[in-house]
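All chains are named by letter (A, B, ...) in the order of the sequence lines, taking the proteins before the strands, and each is independently numbered beginning at 1. The shown structure was predicted, so the numbers you read here are calculated from the model rather than taken from an experiment.
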Amino acid sequence: MTNVVARQDPEAGAPVLPRSALILVGTVVVGGIAVLGSQIQALARWDGGDAAALTVLVAVVAVVERFQFEIRYRSEEATYSISDAIWTAGLLLVEPSVLVVSVGIGVLLGQSVQRWASVKMAFNVAQMVLGIAVAAVVFTALGAPGADQPVGWLVAALAMGAFQVFNTVAMALVISVVERQPFWRVALVTTGGVHWLGNVALGILVAVMRTTEPLALPLLLVPLVMTYVAYRGWLRSEQERDRMNGMARTADAISDSGDLSTRVTETGDHDEVGVLASTLNRMLDRLESAFRRERRFITETSHELRTPITICRGHLELLGPDATREEVQETVELVIDELDRMARIVQDMSSLARMEDPSSLRLEQVPLDRFLVDVAAKATQLLDGRLRMSTPPPASMVRADPQRLTQAVINLLHNAAEHTSGGAAVDLRVVRETTSWRFEVADEGDGLAPGEEVTVFSPFVTGRSSHGSGLGLAIVSGIARAHGGVAGVENRPGRGATFWLRVPR
Amino acid sequence: MKVLVVEDEDRIAAFLAKGLRASGLEVDCVATGTGALALLARQDTDVVVLDLGLPDIDGLEVLRLARQADACLPVIVATARSEPADRRRSEELGAGAYLVKPFSFGRLLATVRSFEVPLEA
């Protein structure tokens, strides 16, 4: 049996169906009610056996309806159960009116246990009632043979074929209307042929056993349960294959178009494929932002290199044949100076690129006191006696790449030197925190403009007085991150700033 | 003819001024947008050479205000910004030319000279 209804959007309260779909659903429901109504006359002719058959059929269907396979398909959710097998057996064993009423009550009971929306339930019940009525008409028209003759099996199969065709058409119609797709395209894909064949064969077997040896019926349960388990596994693998194919298509599309903004569809399932899909999307997020960062970096770098090139080009171009010795000398010095600026940018760019890779670190235990003495020695020329350094706790060690860490602290000192003037002191401190060491460089310059606290660590965000490459603080931040730490600044606008970098202890 | 060079990078302003003066033009140099607008208020500028990355006001805003004050003032944008969006915006705001750094001085001079002849001639 195949039930279908538009899948509800979890965000929206109720499914929004187009008018044509509502008309279709309404027609099916009215048709179903009409068929059930027409059985009332037959009801009067029922005997005790018919009533018992009804009870058994309803009970069995209500039970098997609870063991359904749900298959999500496009915007639809199709559910399969072995109810069709019961209907096949019913065709061969009971009065058509008993079968039709059983289908109505059985499907209704089975679905109300599942607490589905009333529209969905009404449509499904009506669709089943109409379908089985069609099957009963076909079966009766072909002579309604019994289960004890092979021709009866064939006729039952034909009748169930009509039932299947009716259901497929009804389901495909709803999908094609809701999705505005050509009917035949949907109908071709939604036919569950194998499933139908299995149910019909099982139904015929039940009918044959009921006729020849009813006591053997419980034996059927064993292969049935085994088939159920195997079938469920097979369906799941089919669904997984579909989702994997979808992911592969998306991945192919991404590699063909290079469009990293595309994402694979996440169904919200928490199985392996669902986890894989969300992992893939997380990876794409990271890739996309990395590429975007890289593009911006390239744009900014080329922008940054344009200025020194313009200066060199302009000054050289104006150096005419009658230039004086002094003019030539002046231009040469200026060009060399600008070439140095370009060299610094290029050097810092490659440092920055290396910094992003934590595996490039050479970590070792570094004694803090010796580290600070080394840094101070390197900064002597830079700060010219303005450096004030506090001594770290005795025998303190930090696990770091000493070269990189030195570069980071020197860059911070450079930054302080550039943004302070005169004899203003620059403080270098190492503060012990619970899980990390915090290297601080405090100056008494002008501080940053409010809001610059974050952007200042981005490449090429330099103050006016900067003579650096514009990458110094970006490198500090990169070194901190590579060590599993972070860099930041405490800003005191107008009174200075404390730049810091934190490295885990 | 008087050229106003709006450029915050001293060494670029220096060669522009030197070259333009050597070609017989009068040159004013300013390093900020505010300075440029103040000079333009005197209304004796014939052509502006404008950098976009200025320290105070964005060059595009300077361009907008300058053209608002004098719709006939030729403005040559000379900038390191190579993105098409900046070029488009400049053209929309009425820039007479858009030169991306590094440009040749000869090209800049020719562009400045092209605005020397009155349009109706």
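Of the listed residues B:Phe103, B:Phe105, B:Phe15, the one with more heavy-atom pairs under 4.5 angstrom with chain A than any other is B:Phe15.
Between A:Thr310 and B:Pro102 the shortest heavy-atom distance is OG1-CA, 3.3 Å. A:Arg306 approaches B:Lys101 most closely through the heavy-atom pair NH1-O, 2.8 Å.
Residue contact with chain A, scored on non-hydrogen atoms closer than 4.5 Å, involves the backbone and the side chain of B:Ser104 alike. Residue contact with chain B, scored on non-hydrogen atoms closer than 4.5 Å, is absent for A:Leu305. Residue contact with chain B, scored on non-hydrogen atoms closer than 4.5 Å, involves the side chain of A:Thr299 exclusively.
A 6.0 Å sphere centred on CD of A:Glu490 holds more than 12 heavy atoms belonging to other residues, nucleotides or ligands.
Partners of A:Glu444 according to the side chain to side chain donor-acceptor pair (under 3.5 Å) rule, which considers only residues two or more places apart in sequence or in another chain, do not exist here. Scored by the side-chain contact (heavy atoms from CB on, under 4.5 Å) test, A:Asn411 finds A:Gln407, A:Ile475, A:Val476 as partners (sequence neighbours excluded).
For residues 81-97 of chain B, the interface with chain A (any heavy-atom pair closer than 4.5 Å) comprises B:Arg81, B:Ser82, B:Glu83, sorted by residue number. Below 4.5 Å, heavy atoms of chain B meet heavy atoms from A:Glu317, A:Leu318, A:Glu327, all part of residues 317-330 of chain A.
How far NE2 of A:His315 is from CG of B:Leu16: 8.5 Å, rounded to the nearest 0.5 Å. Summarising the geometry, atom OG1 belonging to B:Thr79 is positioned 5.5 Å from atom NE2 belonging to A:His303; distances are rounded to the nearest 0.5 Å.
Checked by atom type and distance alone, the side chain of B:Arg11 never pairs as donor or acceptor with a backbone atom of A:Ile311 at under 3.5 Å.
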